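FYI, side chains are in, hydrogens and waters are out, and symmetry mates aren't considered; it's all heavy atoms of this structure. None of these values were measured; they are calculated from a predicted model. Here is the naming used below: chain letters follow the sequence lines, and residue numbers restart at 1 for every chain.
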2 protein chains.
Amino acid sequence: MTTAPTGGGERETRWLTDDEQRVWRAYLHATTLFDDHLDRRLQRDAGMPHIYYGLLVQLSHAPGRSKRMTELAIDAKITRSRLSHAVARLEKNGWVRREECPSDKRGQNAILTDAGFAVLEKAAPGHVETVRQAMFDRLTPEQVEQLGEIMRVLAEGLQPEDSGADLPWLR
Amino acid sequence: MTTAPTGGGERETRWLTDDEQRVWRAYLHATTLFDDHLDRRLQRDAGMPHIYYGLLVQLSHAPGRSKRMTELAIDAKITRSRLSHAVARLEKNGWVRREECPSDKRGQNAILTDAGFAVLEKAAPGHVETVRQAMFDRLTPEQVEQLGEIMRVLAEGLQPEDSGADLPWLR
DNA sequence: CCCATATAGTTCAACTTTCAAGAAGTGGTC
DNA sequence: GACCACTTCTTGAAAGTTGAACTATATGGG
């Protein structure tokens, strides 16, 4: 649905050209496959979806391997609701634990446990290898640079997304 | 977890360079935001997630606005299981109906209804506009071309993904 | 101090996705 | 024509996601 000369009461829709459609489809195709690929690998190698893995990574980089929930949600680009569920699951796995925030009683800190760190340490090489094989081994250095720049531009335009859910600015 | 000089018994992991990490993060960031953005828009404007919309689009392009389930699954890059559930939902909405395949009694054809087509017609301009604003209005013509080529390369390397679920080659 | 309002995080219900069966049909082989 | 391997599609339960409602705490005036 991107080319038809429109049908209803519209005001000059700027439909995609054939070239644009091809790029758009290629984008959807590739990103879908990529996402699935990563998810499966990590599910297999680390027993969790990609985004959960990303949470552990975030924590591993944080001072004290600890982070406020909201901060973690923002960094991982997910809603607080989703994070709550995710951390609950990771906690059940023994990979993360929660601790009250001393300075703000509403707050919680998510903390990477040693077990969690171990899982990360074990899965990381395989994950990196996956990413490398699927992306960096296939692209020329120029393309890698182009991709980076393109993604930066796209992300920039998407940041201040409102939409009524949760906190407006929080995703 | 992409830079640390490793920790356990590994054989020379090819960690990502700082530049590669930046690109990788930019990629994740942008694609995540993009996906969320589209999903929300379509949920709001058409009452369904992006992938369901994609199914209707596929059908609208097919001869007779009809397609075999498996073919549809392959084109949409989803499992048949997922498609079954999705079509069930779309059928409940009255946007798709199922019909037995005459030549193969195992088969089902998914058919876009007039109501389904109407939904598509109504949502399409907004959807295209969303895509245009978020992607094509932001990139230079060169970047669009680069993006297309890069995505083609990435998809190429991901095609024959096995992994044990459903049919290996299907999805 | 007390209030209104904002923020942090969780929870609930509805929905989607996944995985592992399972029911039904096809096609080739002997 | 009975068997066997395979394909097509569906189902059910578990896991994950979403948006909205909710609890509790914080904050900045009056």
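Side-chain proximity of A/Lys105 to the nucleotides D/dT8, C/dC12, D/dT25 is greatest for D/dT25. Nearest to the side chain of B/His85, among D/dT11, C/dT10, D/dT17, sits D/dT11. Side-chain proximity of B/Arg98 to C/dT18, D/dT10, C/dT10: nearest is D/dT10. Comparing C/dC12, D/dG12, C/dT17 against the side chain of A/Ser81 picks out C/dC12 as the nearest. Closest approach to the B/Asp104 side chain among C/dG25, C/dT16, D/dT17 is made by C/dG25 (side chain taken as heavy atoms from C-beta onward). Nearest nucleotide to the B/Met69 side chain, out of D/dT17, C/dA8, D/dT10: D/dT10.
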> salt bridge (Lys or Arg N to Asp or Glu O under 4.0 Å) between A/Glu20 and A/Arg22: does it pass, once the steps are laid out?
Replying inline: CA-CA 5 Å; A/Glu20 286 170 336; A/Arg22 267 189 285 277; over 6 Å; no
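B/Phe34 and A/Trp24 have their aromatic ring centers within a separation under 6.0 angstrom.
Atom-to-atom, CD1 of A/Ile78 to C1' of D/dG19 comes out at 15 Å; the value is rounded to the nearest Å. Per the geometry, CZ belonging to B/Arg68 stands 13 Å off P belonging to C/dG25, to the nearest Å. Atom CG of B/Asp36 is separated from atom C1' of D/dG19 by 13 Å (rounded to the nearest Å). Atom pair A/Tyr52:OH and C/dT17:C1' shows a separation of 12 Å (rounding to whole Å applied). The CE-C1' distance, from A/Met48 to C/dT17, rounds to 19 Å in whole Å. To the nearest angstrom, C1' of C/dG9 lies 17 Å from NZ of A/Lys67. Residue A/Leu42 contributes atom CG, which lies 15 Å from atom P of C/dT18 at whole-angstrom precision. A straight line from CG of B/Asp35 to C1' of C/dT17 spans 14 Å, rounded to a whole angstrom.
Between A/Arg82 and D/dG16 there is no side-chain N or O to OP1 or OP2 distance below 4.0 Å. B/Arg106 has no side-chain polar atom (N or O) that falls below the 4.0 Å cut-off from OP1 or OP2 of C/dA24. Within the 4.0 Å cut-off from OP1 or OP2 of C/dT18, not a single side-chain nitrogen or oxygen of A/Arg40 is found.
The pair B/Arg14-B/Glu12 does not count as a salt bridge, with every side-chain nitrogen at least 4.0 angstrom from each carboxylate oxygen. Under a 4.0 Å N-O distance rule, the pair B/Asp104/B/Arg68 qualifies as a salt bridge. B/Glu100 has no carboxylate O lying under 4.0 Å from a charged side-chain N of B/Lys105, or vice versa, which leaves the two without a salt bridge. A salt bridge is absent between A/Glu129 and A/Arg132; no separation between the charged side-chain nitrogens and carboxylate oxygens falls under 4.0 Å. Between A/Asp75 and A/Lys67, at least one side-chain nitrogen of the basic residue sits less than 4.0 Å from a carboxylate oxygen of the acidic one, meeting the salt-bridge criterion.
Both B/Asn109 and A/Ala86 lie near DNA chain D, and the one whose nearest nucleotide falls closer to the 5' end is B/Asn109. Nearest-nucleotide assignment on DNA chain C puts the 5′-proximal partner with A/Gln108, out of A/Gln108 and A/Asp39.
Taking 3.5 Å as the limit, the base of C/dT17 and the side chain of B/Thr79 contain no donor-acceptor pair of atoms between them.
Checked options B/Arg106, B/Arg98, B/Arg80; the residue passing with B/Met69 is B/Arg98 (criterion: side chain to side chain contact (heavy atoms under 4.5 Å, CB included)).
Residue B/Arg44 is out of contact with every strand shown, counting any heavy-atom pair closer than 4.0 Å.
Comparing the axis of the opening five pairs of the helix from C/dC1-D/dG30 to C/dC30-D/dG1 with that of the closing five pairs yields an angle of 0°, rounded to 10°.
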